[in-house]
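Here the structure comes first, spelled out in structure tokens, and everything after it is commentary.
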Number of protein chains: 2
Amino acid sequence: MTTRAEQRKQTESRILTAARELFGEHGFDRTTVRMVATRAGSDPGLVMRYFGSKEQLFAQAAAIPTDGTIEGTPDEIATHLTAALAGKLADEPVTALAALRAMFTHPEAADEVRKAMTAQQRQIAGQLPGDDALVRSGVIGALTLGLVISRHLVKLDGLDVPTEQLTAIAGPLIEELVTGSRPVE
Amino acid sequence: MTTRAEQRKQTESRILTAARELFGEHGFDRTTVRMVATRAGSDPGLVMRYFGSKEQLFAQAAAIPTDGTIEGTPDEIATHLTAALAGKLADEPVTALAALRAMFTHPEAADEVRKAMTAQQRQIAGQLPGDDALVRSGVIGALTLGLVISRHLVKLDGLDVPTEQLTAIAGPLIEELVTGSRPVE
DNA sequence: GTCTATAAAGTGATAGAC
DNA sequence: GTCTATCACTTTATAGAC
């Protein structure tokens, strides 16, 4: 048996899932409340009633999942970062894609992404050697962002290969950025 | 003295410039014909009359400037690519920003970007050694894209440093990707 | 040639019927 | 508690006055 509270929670959850998918597919502006309601098997009025506004629905749908703090020796950090990259490349990070796609037109989404990236960037830079640790850490973030966008959003055909092949190429780059070493000539 | 044809050309040019700036700042959906007309010191009706539709205006405003063909030894290619990156990082590429910002929500803009990136990626991969030349070439594109987006669009604070400092870090990475060499352990 | 007025369509949000 | 009907607004695009 389903109580009314349970019923409501299920509907709310279906709406949130539908919102995540649609915001990720079409961005903020092109996703309408009507579309979300239809995919969730509900109606626009209920979506508004539950979430208050389209903005608030987006805020709940597009929260950026943080990677957690990363600690250890530079080598351990490099390994950890490469593993995190592998995870982002393997399966489409539905909820993060919503924020990524929206960030370029939705100022609040941009702040969200910037905040998340900056936090991790600083946290990592603090454990790296060299004067330009913050810059190198930023380049790691840019490389990660570029790979995720190119693979999942732009769908660049050259990157449509097994995850292992990508990490085999990107891993050494990250390691190099972490340690600050130069490659052999 | 200004003939009518000249007058028209000037107005058309002002509209195009305004469109480039606004599409770059706010993306496709959030840029209205009204905004473009206002910034160009004209009116919406004239914009429509000259360009036919908002779509066609965008198509003309957001054309991707191609880098031209790159040839030579791997070393020369790396140098060329690093120089091209430096150019994109130095001053905001206004017209490309329009396409970049719009690509995530505007399917046609996405095609435009994918087409431009794929073409260059293939052209370069053909001159690189190794089985995975196409993938490495794609990673170069992803790295470039990530850096441009992080610096100009996300405005990640760690990347707000002189261009030379960025190319000093990214240059070796590109070189490594071009040659397919591994860094020293 | 240039600009004003308006049409047609779609949006987020709301009020109220069931 | 759920959904239908509608409001108020903004958008692109057009028709016609100057």
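Residue numbers start from 1 in every chain, and the chains themselves are labelled A, B, ... in the order their sequence lines are given, proteins ahead of strands.
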Give the rounded distance in Å between these two atoms: [atom1] of [X] and [atom2] of [N].
X	N	atom1	atom2	answer
B:Arg49	C:dG1	CZ	P	9 Å
A:Leu57	C:dT11	CG	P	15 Å
A:Leu22	C:dG12	CG	P	12 Å
A:Met35	C:dG12	CE	C1'	14 Å
A:Asp43	D:dA5	CG	C1'	12 Å
B:His26	D:dT10	NE2	P	17 Å
B:Glu6	C:dT2	CD	P	13 Å
B:Arg8	C:dC3	CZ	P	13 Å

Indicate yes or no for a side-chain donor-acceptor contact from B:Arg151 to the backbone of B:Val161 under 3.5 Å, with no hydrogens or angles considered.
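Yes.
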
Report yes or no: is the cationic atom of B:Lys54 (NZ for Lys, CZ for Arg) under 6.0 Å from the centre of the six-membered ring of B:Phe23, at an angle within 45° of the ring normal?
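That pair does not qualify as a cation-pi contact.
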
Selection from [options] that lies nearest to any side-chain heavy atom of [X]:
X	options	result
A:Gln7	C:dC3, D:dC3, D:dT2	D:dT2
B:Met48	C:dT11, D:dA13, C:dC3	D:dA13
A:Leu46	C:dT4, C:dT11, D:dC3	D:dC3

A:Lys155 with A:Glu92: basic N within carboxylate O range, under 4.0 Å:
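Looking at A:Lys155 and A:Glu92, the cut-off is met.
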
Would you kindly compare A:Pro44 and B:Ser53 by the position of their nearest DNA chain D nucleotide and give the one closer to the 5′ end?
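The residue mapped nearer the 5' terminus is A:Pro44.
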
Looking at D:dT2, I'd like to know if its phosphate oxygens (OP1 or OP2) sit under 4.0 Å from a side-chain N or O belonging to A:Tyr50.
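So the side-chain polar atoms of A:Tyr50 do come within 4.0 Å of the phosphate oxygens OP1 or OP2 of D:dT2, strictly under.
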
Hey, which of A:Asp91, A:Val94, A:Leu97 is the one that makes side chain to side chain contact (heavy atoms under 4.5 Å, CB included) with A:His152?
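One option only clears the test, and that one is A:Leu97.
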
